[in-house]
Asks: 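My questions all concern the structure below.
Start at 1 and go down the list; that is how both ligands and their atoms are numbered. This one's a predicted model, so the numbers in the text were calculated from it and none came from an experiment.
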Amino acid sequence: MSSRILIVTAVEAERKAIEDGLKVPEHYHVIAGGAGPASAAAATAAALASNSYKLVINAGIGGGFPGRAELGDIVISTEIIQADLGSETAEGFRSVDELGFGTSRVTANPEAIQSILSALQTSTDTPVHCGPIITVSTTTGTAQTAEELLRRIPEAYAESMEGYGVAAAASYMNVPVLEIRAISNTVGPRNRDAWRIPEALQALTTASQKLSEVL
Ligand SMILES: O=C(O)c1cccc(C(=O)CC[C@H]2O[C@@H](n3cnc4c(=O)[nH]cnc43)[C@H](O)[C@@H]2O)c1
């Protein structure tokens with residue numbers, strides 16, 4: 001079995017933040033696969049078709065749900081959920097799972113979660129949370145959408161745009177997967193001036209340093 005880990009980010013700045021923290025870079029392949037679930041799935045599938053990996057990680061900055069994950073915190077996924085994959089009906093949104101023609105959920109690898117969680121909790125002051133991370137094709141920009149997403153997935157901690165794409169490709173190839181997000185902004189009314197991207201990228205580098213000590 002391969003000993004390498006594939007890490008997929010959306011953009012180059014996230015890729016660099018991860019790579020800057022890695023202790024033994026040759027044990028990892030870090031790619032920026034593009035924004036959104038389709039680009040992320042395509043990039044992950046292409047990487048998995050040409051090499052074998054023991055684990056796939058989707059990593060980057062993300063939105064945190066207020067009261068669950070604050071700016072600069074780290075969230076590790078327990079489940080990766082495409083929150084907008086389904087149908088609108090007269091009774092409201094129904095996921096593909098409820099409608100019976102697919103799944104919008106991938107369970108993250110429990111052993112990898114535990115290893116990363118222990119490494120981060122014992123060695124950094126950064127708060128680390130474990131919970132579902134949702135994937136959306138459109139970044140949430142209103143309180144109404146944030147409420148609707150929490151109605152659909154009450155236990156969500158964070159939001160991103162790539163997790164489910166990466167997870168779907170990894171699951172298809174039977175490779176364990178998880179998602180890690182450093183919180184750059186709050187999920188809710190859009191306020192780009194309040195995004196803390198440099199701080200989130202720094203938290204990502206620290207997390208990458210620590211995870212590369214245990215994976
Ligand atoms: O402008 C920059 O310097 C810069 C540096 C690093 C990353 C970015 C991005 O815009 C990354 C986009 C990426 O971030 C995720 N993200 C962040 N916040 C949210 C959110 O509230 N809801 C959904 N996704 C979010 C997402 O995965 C994007 O692909 C810019």
Asks: Is the shortest heavy-atom distance from the side chain of Q144 to the side chain of E147 under 4.5 Å?
Replies: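 No; the side chains remain at least 4.5 Å from each other.
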
Asks: Under the side-chain contact (heavy atoms from CB on, under 4.5 Å) criterion, do S87 and L99 qualify, and how do the steps go?
Replies: CA-CA 8 Å; S87 298; L99 294 167; 3.3 Å; yes

Asks: Of all residues at least two apart in sequence or in a different chain, which pass the side-chain contact (heavy atoms from CB on, under 4.5 Å) check with A40?
Replies: E162, V166

Asks: How far is atom 3 (O) of ligand 1 from its nearest protein heavy atom, and which residue and atom is that?
Replies: I197 CG2, 4.1 Å

Asks: Identify, for atom 17 (C) of ligand 1, the protein heavy atom at the shortest distance, and state residue, atom and that distance.
Replies: G62 CA, 3.5 Å

Asks: Would V11 count as a contact of ligand 1 if the rule is a heavy atom under 4.0 Å away?
Replies: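 Heavy atoms of V11 do come under 4.0 Å of ligand 1.
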
Asks: Purely on distance, is any nitrogen or oxygen of W195 under 3.5 Å from one on ligand 1?
Replies: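 No - when backbone and side-chain N and O of W195 are compared with those of ligand 1, no distance drops under 3.5 Å.
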
Asks: Show the atoms of ligand 1 that are less than 4.0 angstrom away from any heavy atom in A13.
Replies: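 Listed by number with element, the hits are 5 (C), 6 (C).
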
Asks: Only pairs under 3.5 Å count here: list side-chain donor-acceptor contacts from residues 167-174, not counting sequence neighbours, and write none if there are none.
Replies:
residue : atom : partner : partner atom : Å
S171    : OG   : A167    : O            : 2.9

Asks: Just need the protein heavy atom nearest to atom 11 (C) of ligand 1, so name the residue and atom and give the distance.
Replies: I61 CD1, 3.8 Å

Asks: Looking at ligand 1, would G60 count as a contact under a 4.0 Å heavy-atom criterion?
Replies: no

Asks: Do E162 and ligand 1 have an N or O pair less than 3.5 Å apart?
Replies: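 There is such a contact, yes.
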
Asks: If you measure every N/O of E159 against every N/O of ligand 1, is any gap under 3.5 Å?
Replies: yes

Asks: Any side-chain donor-acceptor pair under 3.5 Å between S95 and E98?
Replies: yes

Asks: With salt bridge (charged side-chain N to carboxylate O under 4.0 Å, His left out) as the criterion, how do K16 and E19 come out once you've worked through the C-alpha distance, each side chain's angles and the decisive distance to 0.1 Å?
Replies: CA-CA 5 Å; K16 183 175 181 313; E19 219 158 58; over 6 Å; no

Asks: How far is atom 10 (O) of ligand 1 from its nearest protein heavy atom, and which residue and atom name does that atom have?
Replies: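 That would be R192 NH2, 4.3 Å.
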
Asks: Assess whether side-chain contact (heavy atoms from CB on, under 4.5 Å) is satisfied between D73 and R68, documenting all intermediate values.
Replies: CA-CA 10 Å; D73 291 3; R68 295 266 169 78; over 6 Å; no

Asks: Looking only at heavy atoms, is any part of R181 under 4.0 Å from ligand 1, and if so is it the side chain, the backbone, or both, or is it neither?
Replies: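 It is the side chain that touches ligand 1; the backbone stays farther off.
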
Asks: Which of the numbered atoms in ligand 1 are under 4.0 angstrom from any heavy atom belonging to A10?
Replies: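 Going through ligand 1 atom by atom, the ones under 4.0 Å from A10 are 29 (O).
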
Asks: Does atom CD of E26 have more than 12 heavy-atom neighbours from other groups under 6.0 Å away?
Replies: yes

Asks: If I apply the N/O under 3.5 Å rule, does M161 come out as touching ligand 1?
Replies: yes

Asks: Starting from atom 13 (C) of ligand 1, what is the nearest protein heavy atom, named by residue and atom, and what distance separates them?
Replies: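 For atom 13 (C) of ligand 1, the nearest protein heavy atom is E14 OE2, 4.1 Å.
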
Asks: Do H29 and N51 pass the side chain to side chain donor-acceptor pair (under 3.5 Å) test, and can you show the C-alpha distance, the side-chain angles, and the key distance before you say yes or no?
Replies: CA-CA 10 Å; H29 182 195; N51 279 296; 4.7 Å; no

Asks: With heavy-atom distances below 4.5 Å as the criterion, would you say the side chains of R105 and I153 are in contact?
Replies: yes

Asks: Which of the numbered atoms in ligand 1 are below 4.0 angstrom from a heavy atom of G63?
Replies: 18 (N), 19 (C), 20 (C), 21 (O)

Asks: Applying a 4.0 Å heavy-atom criterion (strictly less than), which segment of N185 is in contact with ligand 1: side chain, backbone, both, or neither?
Replies: side chain

